[in-house]
Amino acid sequence: MIGIFDVFKIGIGPSSSHTMGPMRAGCCFVKSLEKQNILNQVTKINVYLLGSLAHTGKGHSTDQAVLCGLAGEMPDTVNPDNIPKQVAANKKTHKLNLLGKHSIDFNFDKNIIWQFQRTLKEHPNGLEILAYDKNNIVVYNETYISIGGGFISTLKDFNAKSAKPKTIAFYDYNNANDLLVLGEKHNLSISQIAIQNEIHRYKDVELVNDKIDHIWQVMHSCIQRGINATGNLPTSGLARRANKLHKAIHCNSSTHNDIFEIMDWVSLFAVAVNEENAAGGKIVTAPTNGAAGVVPAVLGYYDKFLASKSKQQGIRNFIATAAAIGVIIIKNASISGAEAGCQAEVGSACAMAAAGLTATQGGSNQQIENAAEIALEHNLGMTCDPVGGLVQIPCIERNAMAAVKAVNASRMALKSDGTHAVPLDSCIKTMYETGIDLQEKYRETSLGGLAINLKVPSKK
Ligand code: SF4
């Protein structure tokens, strides 16, 4: 089953599909070598980055992520500060300690091979890893697909259609209509359905609550780090804005009575998170890293401006409801910019945040579904064109815009009775079909859109 802790995963920036997925693939590969008892035979490893992973891999630190994965690091436990250190050490010694257990020669600039002209027919985010013995014979190879949101699959599993996990949840749902029917039948809110599934999975109510609370703690500290940080973002040298925005809001508050100031806070929270993501910091995928600012920004808005005595429960309801919407998008469409454009990343995050906020305000399941639908519908067609292959322009501002849109979608839904013309399931289907129709240059390749009309930040 996929649930709350699959949609919200703690990891590192700047990208879930181009950083976290490849790191996980590298680590899975060396673990497979160990499992087969062939780790010690390996003398050489080649990694081939294909399609979108090649086109925007430099900007997303895909090569660094794979190197750390081969060394045994995983996105949820790696210390982000150690990544550049590991890369620098390898560049100096040309040695790599596979899984921290077996050292081989490895040249970061030669053994990671960028295949710009090769794309798997199954998915734009492919990587192949080959391990050789001392006679230069391949002892093991695997092709991985980074599906989006940090999920990976082997090509074999992907072709066997097992990439999209089968639901064995207690309350089994595959789409928004299922959620509404289940809610009606068992008299449950969407957040209760999502939380009950996790309790059934972990058999421990407190553990589930602690894990949800931890998601918000990581989001919240990410907002704080982003606000406190000054200076420039890596590679592009783009100036960070969150700190200045924060000061400007304070300055404005003391001199004006600005009715739109709350909107400034929502934007600030999103910018802070996405700048941390761009800087490779600790992040919660929500549902991806590129779109990681939307949910924390709207949850931050709830926390700062709307929450009352039952704030902790409200935060849990928000996260669980948002996750349930993420689950049905993953099951029926995509959350990958490389597969379906930015509508699949930021659009999905916007829908999740709108649903979560609506839940905290006592919205019915119908109103929650309505809010998610409004939010997603008005992101349809949005392309992915990251400038310089970096998750900075347009990504950082885009999260702020989507966060504000999510608040608006929630308010519109809350002021209706939940009846509406477009079902969320139809909108999700439309998003996916539109994404598939998008030309490749608008799907995280940096070959079109702003990426070719703005030259400021460049690939390394
Ligand atoms: S444009 Fe959107 S989908 Fe593309 S990298 Fe940026 S946030 Fe992700």
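Remember, it's a predicted structure, so these values are computed and weren't measured experimentally. We use all heavy atoms of the structure for the numbers below, so side chains are in, but hydrogens, waters and symmetry mates are not. First listed ligand is number 1; within each ligand, the first listed atom is number 1.
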Establish, yes or no, whether the cationic atom of [X] lies under 6.0 Å from the six-membered ring centre of [Y] and within 45° of the ring axis.
| X | Y | value |
| --- | --- | --- |
| K211 | F5 | yes |
| K311 | Y302 | no |
| K9 | F151 | yes |

Subject >> Distance filter under 4.0 Å to R398 heavy atoms, resulting ligand 1 atoms >> reply: 1 (S)

Original post:
With atoms numbered from 1 as shown, which atoms in ligand 1 lie under 4.0 angstrom from a non-hydrogen atom of G290?
Top reply: 7 (S)

Original post:
Considering only heavy atoms, does M382 approach ligand 1 within less than 4.0 Å through its side chain, its backbone, both, or neither?
Top reply: neither

**OP:** Could you confirm whether C384 has any N/O/S atom lying under 2.8 Å from atom 2 (Fe) of ligand 1?
**Re:** no

Subject >> I249 side chain reached by E261 side chain, heavy atoms, under 4.5 Å >> reply: yes

Original post:
Got a donor-acceptor contact below 3.5 angstrom from the N399 side chain to the G290 backbone?
Top reply: yes

Original post:
How about F260: does its CZ atom have over 12 heavy atoms from other parts shown lying under 6.0 Å from it?
Top reply: no

For [atom], what is the nearest protein heavy atom, given as residue, atom name and distance?
| atom | value |
| --- | --- |
| atom 2 (Fe) of ligand 1 | C342 SG, 2.3 Å |
| atom 6 (Fe) of ligand 1 | C395 SG, 2.2 Å |
| atom 3 (S) of ligand 1 | E345 CD, 3.4 Å |

